[in-house]
Amino acid sequence: VRTHLTAAIKECANRVVVTTFASNLARVATIIQAAEEAGRVVALAGRSLHRVVEAAKDSGYLRTDMEFVSDRDVMNLPKRDVLLLCTGCQAE
């Protein structure tokens, strides 16, 4: 899945927005890795996503040196360089 996701992200000329459940850490990790491989910075949008990613980094499950960009700062970056990873409450 990551190979095809990375290719799709690389092909997109604009900002990429991906939604997922924050609790699906395997999916979150795949999306972050695909963004890294595609040369994009990642902005996290959603409190639970911030908590889960921080816990995963602290525990060693998510191995990345990536510094996440504030979701407020993405508007100041070139669209082609950004992946916005979003989550919300269920049914949102």
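Count residues from 1 along the sequence.
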Colleague: For residues 11-25, dump all side-chain donor-acceptor pairs below 3.5 Å to protein atoms at least two apart in sequence or in another chain.
Modeller:
from	atom 1	to	atom 2	distance (Å)
N24	OD1	R27	N	3.2

Colleague: If you look only at distance, which donor and acceptor atoms sit under 3.5 Å apart when one is on a side chain in residues 67-78 and the other is two or more places apart or in another chain?
Modeller:
from	atom 1	to	atom 2	distance (Å)
S70	OG	R72	N	3.1

Colleague: Tell me which pairs pass salt bridge (charged side-chain N to carboxylate O under 4.0 Å, His left out) where either residue lies in residues 1-10, with sequence neighbours left out.
Modeller: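 Matches after skipping sequence neighbours: R2-E37.
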Colleague: Check the hydrophobic clustering (I, L, V, M, F, W, Y; side-chain heavy atoms under 4.5 Å; chains of links allowed) and say if L5 and L84 are grouped together.
Modeller: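 No, L5 does not connect to L84 through the hydrophobic network.
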Colleague: For a quick test of reading the model, state the closest non-hydrogen atom pair linking H50 to L44 and the distance between them.
Modeller: NE2-O, 3.1 Å
Colleague: Once salt bridge (charged side-chain N to carboxylate O under 4.0 Å, His left out) is applied, what residue pairs with a partner in residues 48-64 remain, sequence neighbours excluded?
Modeller: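 Listed once each, the pairs would be none.
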Colleague: Is there a path of hydrophobic side-chain contacts, each under 4.5 Å between heavy atoms, that joins V82 and V42?
Modeller: no
Colleague: Looking only at non-hydrogen atoms, find the nearest pair between A35 and I9 and report the distance.
Modeller: N-CD1, 4.2 Å
Colleague: Between V52 and V28, is any pair of side-chain heavy atoms under 4.5 Å apart?
Modeller: no
Colleague: Would you say that more than 12 heavy atoms from the other residues, nucleotides or ligands in this model lie under 6.0 Å from the CZ of R80, or not?
Modeller: yes
Colleague: Examine I31 and M66 and state if one hydrophobic cluster contains both, with Ile, Leu, Val, Met, Phe, Trp and Tyr joined whenever side-chain heavy atoms are less than 4.5 Å apart.
Modeller: yes
Colleague: Grab the two heavy atoms, one from E36 and one from T64, that are nearest each other, plus how far apart they are.
Modeller: OE2-OG1, 2.5 Å
